[in-house]
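Only one structure is covered here, and it is reproduced in the block below.
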2 protein chains.
Amino acid sequence: MSGQHGSYEEIVRARRGSTEFREGFDEARRAYLIGKAVHERRVALGLTQVELATRAGMTQSALSRLEGGGTVPTIPVLDRLAAAMGMALTVAFEPAAA
Amino acid sequence: MSGQHGSYEEIVRARRGSTEFREGFDEARRAYLIGKAVHERRVALGLTQVELATRAGMTQSALSRLEGGGTVPTIPVLDRLAAAMGMALTVAFEPAAA
DNA sequence: CTTGAATATAGCTGTAATGCTATATCCTTC
DNA sequence: GAAGGATATAGCATTACAGCTATATTCAAG
């Protein structure tokens, strides 16, 4: 058990510095932040998922998945969502923070 | 010929106002603008496609396709490109212009 | 014109998001 | 607790992007 325990922690420690691990983390955060923004805006508009999804030409299940941070949405989907929420999507390269 | 000619123009005219047509146009423009931004930044950095693609962990062919506006890139790819170009990607919902 | 580097394209495969339908689960009201 | 609305999840199919390799085309220098 102890051998397995040490081995597991070593693996996690090694992966933490790897590009793949970081990308996975960044993607999950990106998905989370987008989902959160959509959720908040939807609630602010007083819409159900069905209503917003219908407006955005998508399914309630897809919207639920998105709001929950389960996927990194495609830009066309985000464009449609933005329009449905009376907003505009900005996708831009900006100077990197120091 | 004239019947077909008129019919074709009517179809185009009808499609122009349709959501599908507009979405296709908006997507193409989105792809174009993103590709243009990447191209300009790459040239400004004095990098070849191979060099930038390598930095961004993608293939030269994918980069060429992207720069040419052939695809609407996924957000993870744009994130990697931004990092490779020393920039940051912004994806945000903003108030719609009037 | 030739050569080599840079870029664009072709054709196929793999992957992840989204769509679809159905259903489970949660939440609120009575 | 029951009922109904809202949301989350399951499982499968479809689609588009990106990967891969190879090659065609373009471009610039000699």
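Convention: sequence-line order gives letters A, B, ...; per-chain numbering from 1.
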### Partners meeting salt bridge (Lys or Arg N to Asp or Glu O under 4.0 Å) with Glu51(A) (sequence neighbours left out)
none

### Task
Answer yes or no: is there a side-chain heavy-atom contact under 4.5 Å between Leu45(B) and Leu52(B)?
no

### Message
What I'd like to find out is whether the side chain of Ile75(B) reaches to under 4.5 Å of the side chain of Leu89(B), using heavy atoms alone.
### Response
yes

#### Entry: Rounded interatomic separation in angstrom, taking CD from Gln49(B) and P from dA5(C)
16 Å

### Query
Rounded to the nearest 0.5 Å, how far apart are NZ of Lys36(A) and CZ of Arg29(A)?
13.0 Å

### Query
Does Arg41(B) CZ have over 12 foreign heavy atoms under 6.0 Å away?
yes

Please list, pair by pair, any protein nitrogen or oxygen found under 3.5 Å from a nitrogen or oxygen in nucleotides 17-19 of chain C.
from	atom 1	to	atom 2	distance (Å)
dA17(C)	OP1	Val72(A)	N	3.4
dT18(C)	OP1	Thr74(A)	N	2.8
dT18(C)	OP2	Thr71(A)	OG1	2.8
dG19(C)	OP1	Arg80(A)	NH2	2.9

### Query
For Leu81(B) and Leu66(B), what are the C-alpha separation, side-chain angles and deciding distance, and is it a side-chain contact (heavy atoms from CB on, under 4.5 Å)?
CA-CA 11 Å; Leu81(B) 266 177; Leu66(B) 186 153; 3.8 Å; yes

#### Entry: Arg30(A): partners by salt bridge (Lys or Arg N to Asp or Glu O under 4.0 Å), with sequence neighbours left out
Asp79(B)

### Student check: side-chain heavy atoms of His39(A) and Arg42(A) closer than 4.5 Å
yes

### Message
So for the helix from dC1(C)-dG30(D) to dC30(C)-dG1(D), with five pairs setting each end axis, what is the inter-axis angle to 10°?
### Response
50°

## Note on the structure
5' to 3', nucleotides 25-30 of chain C under a 4.0 Å protein heavy-atom cut-off (B base, S sugar-phosphate only, - none) gives ------

### Task
Check DNA chain C against residues 30-46 of chain B and give the residues with a non-hydrogen atom under 4.0 Å, in numerical order.
Arg42(B)

### Query
Within the structure shown, what part of the strands sits under 4.0 Å from Gln60(A) by heavy-atom distance: base, sugar-phosphate, or nothing?
base

### Backbone of Gln60(A) reached by a side-chain donor or acceptor of Ser64(A) within 3.5 Å
no

#### Entry: Reported CZ-to-CG distance for the pair Phe93(B) and Leu78(A), which is rounded to 0.5 angstrom
5.0 Å

### Message
Looking at Arg80(B) and Gly57(B), would you say the former's side chain and the latter's main chain have a donor-acceptor pair under 3.5 Å?
### Response
yes

### Task
Would you indicate what Thr48(B) reaches in the nucleic acid, counting non-hydrogen atoms under 4.0 angstrom: base, sugar-phosphate, or nothing?
sugar-phosphate

### Query
Roughly how far apart are Met58(A) CE and Gln49(A) CD, rounded to 0.5 Å?
9.5 Å

### Query
Mind checking whether Leu47(B) and Leu63(B) sit in one hydrophobic cluster, side chains of I, L, V, M, F, W, Y counted as touching below 4.5 Å?
yes

